[in-house]
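Everything on this sheet refers to the single structure shown next.
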Amino acid sequence: MDQIMASNAQKNKFLIDGFPRNEDNLQGWNKTMDGKADVSFVLFFDCDNEICIERCLERGKSSGRSDDNRESLEKRIQTYLQSTKPVIDLYEEMGKVKKIDASKSVDEVFDEVVKIFDKEG
């Protein structure tokens, strides 16, 4: 990130995918990035658990991922609820969460993402 910004000052916005996932990650981010980066917003893809499971099970038919099974997915959802959701809730309290209804089609979700990034520019 430093190299990109050093080569072009206009390239100063980055999408950090899936981070922070828990309170320890958040504390590490805050300690390391304090004064260096500002979180503009958190893009939150909101989707019913069962829809998520069904999509991952479908993906598992061709992905070769051993964790695309119902038991693993349900455990991942519990980990999310215990560890990640509280971090999202903190950003929500700060007014930084942009929610997208991810139960819609891929194209509809993409269109919503584009709108958010165009608005936040």
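Here the CG atom belonging to Leu57 is positioned 10.0 Å from the OG atom belonging to Ser63, to the nearest 0.5 angstrom. If you take CD on Gln78 and CG on Asn49, they are separated by 8.0 Å, rounding to the nearest 0.5 Å.
The minimum heavy-atom distance linking Pro20 with Val87 is given by the pair CG-CG1, 3.7 Å. A pairwise comparison of heavy atoms in Ser72 and Asn69 identifies N-OD1, 2.8 Å as the closest pair. Shortest non-hydrogen contact noted between Pro86 and Leu81 is CD-O, 3.5 Å.
Under the 4.5 Å side-chain heavy-atom criterion for grouping Ile, Leu, Val, Met, Phe, Trp and Tyr, Val39 is connected to Ile4 within one hydrophobic cluster. In the hydrophobic clustering of ILVMFWY residues, with side-chain heavy atoms under 4.5 Å counting as a link, Met94 and Met33 come out together. No continuous path of ILVMFWY side-chain contacts below 4.5 Å connects Leu90 to Phe41, so the two sit in separate hydrophobic clusters. Transitive grouping of hydrophobic side chains (ILVMFWY, heavy atoms separated by less than 4.5 Å) keeps Phe117 and Met1 in distinct clusters. Hydrophobic clustering, with ILVMFWY side chains joined whenever heavy atoms are under 4.5 angstrom apart, groups Tyr91 together with Phe14.
Residue pairs meeting the salt bridge (charged side-chain N to carboxylate O under 4.0 Å, His left out) criterion with at least one partner in residues 42-51, sequence neighbours excluded, are Glu50-Arg70.
In the model, Ser105 has no side-chain atom that pairs as donor or acceptor with a side-chain atom of Asp107 under 3.5 Å.
Residues Tyr80 and Ile88 meet the side-chain proximity criterion, which asks for heavy atoms closer than 4.5 Å. When side chains are defined from C-beta on, Asp2 does not count as touching Lys36, because their heavy atoms never get closer than 4.5 Å. Inter-residue side-chain proximity for Phe45 and Asp101 is flagged as unmet; no heavy-atom pair is nearer than 4.5 Å. At a threshold of 4.5 Å between non-hydrogen side-chain atoms, the residues Ile100 and Val113 count as touching. Taking 4.5 Å as the limit, every side-chain heavy atom of Lys98 sits out of range of all side-chain heavy atoms of Val42. Side-chain contact between Arg59 and Arg65 is present, with heavy atoms from C-beta onward closer than 4.5 Å.
Glu120 has no carboxylate O lying under 4.0 Å from a charged side-chain N of Lys13, or vice versa, which leaves the two without a salt bridge. Ionic pairing of Lys104 and Asp111 is not present here: no N-O contact between side-chain nitrogen and carboxylate oxygen is shorter than 4.0 angstrom. Classification of Glu58 and Arg55 as a salt-bridged pair fails, no side-chain N sitting under 4.0 Å from a carboxylate O.
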Given side chain to side chain contact (heavy atoms under 4.5 Å, CB included), test Lys99 with Leu43 step by step and report yes or no. CA-CA 6 Å; Lys99 283 188 182 182; Leu43 190 59; over 6 Å; no
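In terms of modelled atom types and a separation under 3.5 Å, the side chain of Thr84 and the main chain of Arg21 share a donor-acceptor contact.
If you run side chain to side chain contact (heavy atoms under 4.5 Å, CB included) between Phe19 and each of Asp17, Asn22, Ile16, only Ile16 comes through. Put simply, the residue from Glu71, Arg76, Lys75 that forms a side chain to side chain contact (heavy atoms under 4.5 Å, CB included) with Leu73 is Arg76.
When the shell of 6.0 Å around CG of Asp34 is examined, it contains 12 or fewer heavy atoms from other residues, nucleotides or ligands.
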